[in-house]
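Let me begin by presenting the structure, written as structure tokens, before commenting on it.
All ligand and atom numbering here is 1-based and tracks the order in the structure. Just the heavy atoms: all of them, side chains too, but no hydrogens, waters or symmetry mates, feed the values below.
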Amino acid sequence: MKEAICLIGFMGSGKTTIGQEVAKELGYRWIDLDTYIQQQEKITIPDIFARYGETYFRKLEVKYLERVLDEEDVVISTGGGIIVSPENVKLLNAQQTFYLMWEFDTLFNRIEGDEARPLSTSYEEVYKRYKVRQGLYENASRAHIQCEGKSIVDIVTEVLEKVNVTYQRRKIND
Ligand code: S3P
């Protein structure tokens, strides 16, 4: 069975940067799901939220995650809320999904005031979202990468090591 490499985690966890690097190292195609949705729907994410609301955006996320998982040899950087839809958790569970974990304050400092992120609101509201989602990220992923204090290169290396381990395990079990 083909498996994509999916990166999940809260807003600001580096899914885009790290996904791009991992794909480069493996020679895989890289897809940033938020960018893909914007290209397909010809509208920005803040505009989707403003015009149609979050529930509508979540439906698009399910539709397009399913679609990009049809690709071979692909690394997918997801949006931070991908795990709030149970359909997506099911899809992610069948992939090599890595959860990029950071402390809340590190993430909030990165996303505070970012207008491209409609859900980057007050510290209290974003913290509540972070707490609710922690368990969801854990359940949707095969491996957790503790990122705090590490460089991008360190994190990419760790993902690649874990990808290899999974592949080796699969080969032994085949
Ligand atoms: C969201 C995160 C965003 C984007 C949308 C909703 C979320 O992606 O998908 O604004 O619910 O956490 P990033 O994680 O890349 O910011």
- Message: Please evaluate residues T106 and E148 with respect to the criterion side-chain hydrogen bond (donor to acceptor under 3.5 Å, both in side chains), reporting the C-alpha separation (whole Å), side-chain torsions for both, the decisive distance (0.1 Å), and the verdict.
- Response: CA-CA 8 Å; T106 308; E148 204 60 50; 2.7 Å; yes
- Message: Just to be sure I'm reading this right: ignoring hydrogens, which of M11, R58, K15 gets closest to atom 11 (O) of ligand 1? Compare them by their nearest heavy atoms.
- Response: R58
- Message: I'd like to check S141 versus L92 (side-chain heavy atoms, cut-off strictly below 4.5 Å). Are they in contact?
- Response: no
- Item | Residue pair F98 / E158, side-chain heavy-atom distance below 4.5 Å | no
- How are the rings of F57 and F49 set relative to one another: parallel (under 30°), tilted (30 to 60°) or perpendicular (over 60°)? tilted
- Message: Testing V75, V68, L69, I82 one by one against C6 for a side-chain contact (heavy atoms from CB on, under 4.5 Å), which residue passes?
- Response: L69
- Taking only heavy atoms of L119, which atoms of ligand 1 are found under 4.0 Å from at least one of them? 7 (C), 11 (O)
- For ligand 1, which atoms have a heavy atom of I45 less than 4.0 angstrom away? 5 (C), 10 (O)
- Item | Location of contacts on R133 toward ligand 1, heavy atoms closer than 4.0 Å | side chain
- Any N or O on R117 sitting closer than 3.5 Å to an N or O of ligand 1? yes
In the protein, what heavy atom is nearest to [atom], and what distance, to one decimal place, separates them?
atom                   : value
atom 7 (C) of ligand 1 : G81 N, 3.3 Å
atom 3 (C) of ligand 1 : D34 OD2, 3.6 Å
atom 2 (C) of ligand 1 : G80 N, 3.4 Å

- Message: Under the criterion ring-ring contact (aromatic ring centres under 6.0 Å, His included), I'd like the reasoning laid out for Y123 against F104: C-alpha separation, chi angles, the key distance, then a yes or no.
- Response: CA-CA 10 Å; Y123 186 93; F104 179 72; 5.1 Å; yes
